[in-house]
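If you're wondering where the values come from, they're calculated on a predicted model, not measured in any experiment.
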Amino acid sequence: MTDQTSQGHYQAQIQDISSSRHTRALRNLSCSESVGGDALANESQRAPVGSATRVPSASCYLGNAGRALPERGRAGVPRMLLAAGTRYAYRLCGRRAAAALQGHAGRSCARSVSTSWSPVGAAFNVKPQGHLWDLLGERRGLFGVPELSTPEGFQVAQEEALRKTEWLVERACSTPPGPQTVLIFDELSDCLCRVADLADFVKIGHPEQAFREAAQEACRSIGTMVEKLNTNVELYQSLQKLLDDKKLMDSLDAETRRVAELFMFDFEISGIHLDEEKRRRAVDLNVKILDLSSAFLMGTNFPIKIQKHLLPEHIQHHFARDGRHLVIDGLHAEASDDLVREAAYKIFLYPNADQLKCLEELLSSRDLLANLVGYSTFSHRALQGTIAQTPETVMQFLEKLSEKLCERTRKDFEMMQGMKTKLNPQNSELMPWDPPYYSGVIRAERYNIEPSLYCPFLSLGACMEGLNVLFNRLLGVTLYAEQPFKGEVWCIDVRKLAVVHESEGLLGYIYCDFFQRANKPQQDCHFTIRGGRLKEDGSYQLPVVVLMLNLPHASRDFPTLLTPGMMENLFHEMGHAMHSMLGRTRYQHVTGTRCPTDFAEVPSILMEYFSNDYRVVSQFAKHYQTGQPLPKAMVSRLCESKKVCAAAEMQLQVFYAALDQIYHGQHPLKKSTTDILMETQEQFYGLPYVPDTAWQLRFSHLVGYGAKYYSYLMSRAVASMVWKECFLQDPFNRAAGERYRREMLAHGGGKEPMLMIQGMLQKCPSIDDFVDALVSDLNLDFETFFMDSK
């Protein structure tokens, strides 16, 4: 929408805002700024990865068998061989790194140890110092890949990958059907992923433009090869012969059978099993969906410019200025001025015709592709292999949860409306732009929570040491800081962690890109750089991941200090990293977080429960100057404050998830996407729809979580059950930790998710069990997050 035409469209909205009683009443507002960590940025939505807002990487869409598939920069066709590369969610690790490795160097079962490892906590509480070998030593290249010492190395790496791909394709087509077929396909997948996944990170995470551009070109090159492989009938038939031989399939172990089926599923997404005309249509639709997804995603964050005089002068300073214009680039959900939030909501969410057309075409194209490859709806296709399995199960889950939340949500809204009436009696109706702010005010008033009071107890080094203690006692794992070689990392403040098991030795590496810098993506992410797999020579290819955060730097006077929200994010993201490290799958196609989306968030959300238990927090939360421990009462108040208005927040997530399901259900849609939004909001939320707004056009997760936005809620339900059944009595229970690794973490996506859950809980949970687990977390008298130790 052009700047000129937008003015007329927004005029009615702005006149309504300017004439409201807010203008007079809000001048006298005396309440403090919102402290609500639950306030939702930009879209007033929460990404389904935990309690803090986390926005999925633009490189991912949720596709094949419930796994996340890097989409950005690829050549259009859903990949049959590129495994789920980029995954959002990441946090950290750390505490006392002691002599856990002594005596293990000589064991044949353990990987050799390094004398360069050092305690993890200290590495994060000091600024990195240059070493002599940084200046004089050999340049190793990014992640130790020799070719990537310069941007031009991406060309060398991709050419080598493409040559090896051609050779592996010939092997796959000439090898008789059997377990070797699956091994060759996985090696082919690994060959492509080792370039594509690394490039996916570098193209957004590297500070140098030349590296970003070279990585982008590598993604395009690999994408072209993927498109070629997706339409290689001979390659498809080599796998089909295996799956058609029932006797041969029955002779394979469960993991190999599942991986073979996943490869076939990936193949058929591109329509390769169809006749030539339909196959061509499937390829065209895939390309169109990729383009529409990219365009829609860009539109979700596009700022709106309006002339300054259209808003009351006393609120103009809340918005960025561009000459004679104001820039509205989000919902300003935490602004203390009601009028600011109202203006931002009505202007930022005003319908854009081009974005609306893009969404309609995206939803329609997804449905056409699903129908073409044999599914009744896109949701049926997207949910195959997940915990939920079908859209009917998802809607049953959401409807039952909504019914259980209804009365609690009503009370939350009444409480928020009471606070609004107290602070702004002339305009007290609770509106959709109000809950993030007023829930924060209520929390602050009731529990006297001020995040800055907690920061001195939560230095980054202390939190890393706390994670280290937890992992060591629970899983026998220690984190060590390792000095990277020259050129191995992309920024001087990136830390490299070796993850070491007390008997198995080195498990893998985590590169911690934790600190703020110019032009760094403002999102917390977990990137798979290299997946783990069993190689032909019997050795294990160690996993490598990157965790990206945006934490403040340490200063001369004090270390990096975290707010409670930052600390929880750190634990959450480390849950993803440890899933990658502790998975020991035979095939990299299903390594670590390459698993169904509604299961992938379980390990990360479970870590949030640990981060809110005083018995865990007391191990590391000490004042960085005095050594004084964080008082129990402060932890108790903080944890209980998170339950304030939590039912209304969960109800909002139910609304988003239901809307996502309806959009990806039967087509053609019976009504416009806006009318569906209005009806779904009325049914599943409770606050009124605001005329002339189209929130769905800012719903970026429709790209990354198409038909799977419910995953956040279902993963949280599973994590809650695991916590209560296995760790609530003793968060350091080693037997429970070992079972957790054996039953849930070790398999990645190589085992049906419900079978993993059954193995951990020793029962098959029902939909009612999931719902009850979520609702019980809201009880103020149920000590989920805090339990006094006698």
Nearest 0.5 Å, please: how far is CZ in Phe397 from CE in Met714?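 Between Met714 CE and Phe397 CZ, I get 4.5 Å after rounding to 0.5 Å.
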Can the ring centres of Phe143 and Tyr511 be said to be less than 6.0 Å apart?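 Between Tyr511 and Phe143, which both carry aromatic rings, the centre distance is below 6.0 Å.
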Thinking salt bridges, do [X] and [Y] make one under a 4.0 Å N-O criterion?
X	Y	answer
Glu504	Arg741	yes
Lys535	Glu187	no
Glu276	Arg279	no
Asp186	Arg586	no

Check: [Y] and [X] side chains under 4.5 Å, non-hydrogen atoms:
X	Y	result
Phe265	Ile269	yes
Leu745	Met756	no
Glu738	Leu475	no
Leu369	Arg381	no

Flag this pair as yes if the NZ/CZ of Arg533 is under 6.0 angstrom from the six-membered ring centre of Tyr587 and inside a 45 degree cone about the axis; otherwise no.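 No, Arg533 does not lie over the aromatic ring of Tyr587.
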Would you please test Asp266 and His589 for side-chain hydrogen bond (donor to acceptor under 3.5 Å, both in side chains) and show each step? CA-CA 11 Å; Asp266 293 350; His589 198 64; 3.1 Å; yes
Can a side-chain donor-acceptor contact be found between [Y] and [X] if the only test is distance below 3.5 angstrom?
X	Y	answer
Ser189	Gln588	yes
Ser766	Asp768	no
Lys228	Thr224	no
His576	Glu601	yes

Residue that, paired with Asp598, satisfies side chain to side chain contact (heavy atoms under 4.5 Å, CB included) out of Leu383, Ile387, Leu713: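 Looking at Leu383, Ile387, Leu713, the match for Asp598 under the side chain to side chain contact (heavy atoms under 4.5 Å, CB included) is Ile387.
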Checking side chain to side chain contact (heavy atoms under 4.5 Å, CB included) against Arg530, which of Leu542, Asp197, Leu198 comes through?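 Exactly one option meets the side chain to side chain contact (heavy atoms under 4.5 Å, CB included) with Arg530, and it is Leu542.
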Starting from the C-alpha separation in whole Å, work towards a yes-or-no answer on side-chain hydrogen bond (donor to acceptor under 3.5 Å, both in side chains) for Thr256 and Asp253. CA-CA 5 Å; Thr256 301; Asp253 64 88; 2.7 Å; yes
How about Arg739: does its CZ atom have over 12 heavy atoms from other parts shown lying under 6.0 Å from it?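 Result for CZ/Arg739: enclosed.
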How about CD on Gln762, more than 12 heavy atoms from neighbouring residues, nucleotides or ligands closer than 6.0 Å, or not?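 Counting other residues, nucleotides and ligands, CD of Gln762 exceeds 12 neighbours.
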What is the ring orientation for Phe185 with Phe263, classed by angle as parallel under 30°, tilted 30 to 60°, or perpendicular over 60°?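 Geometry flag for Phe263 against Phe185: tilted rings.
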For side-chain hydrogen bond (donor to acceptor under 3.5 Å, both in side chains), just list the numbers for Asn286 and Glu227, CA-CA rounded to whole Å, side-chain angles, deciding distance to a tenth of an Å, and then say yes or no. CA-CA 10 Å; Asn286 273 302; Glu227 182 174 352; over 6 Å; no
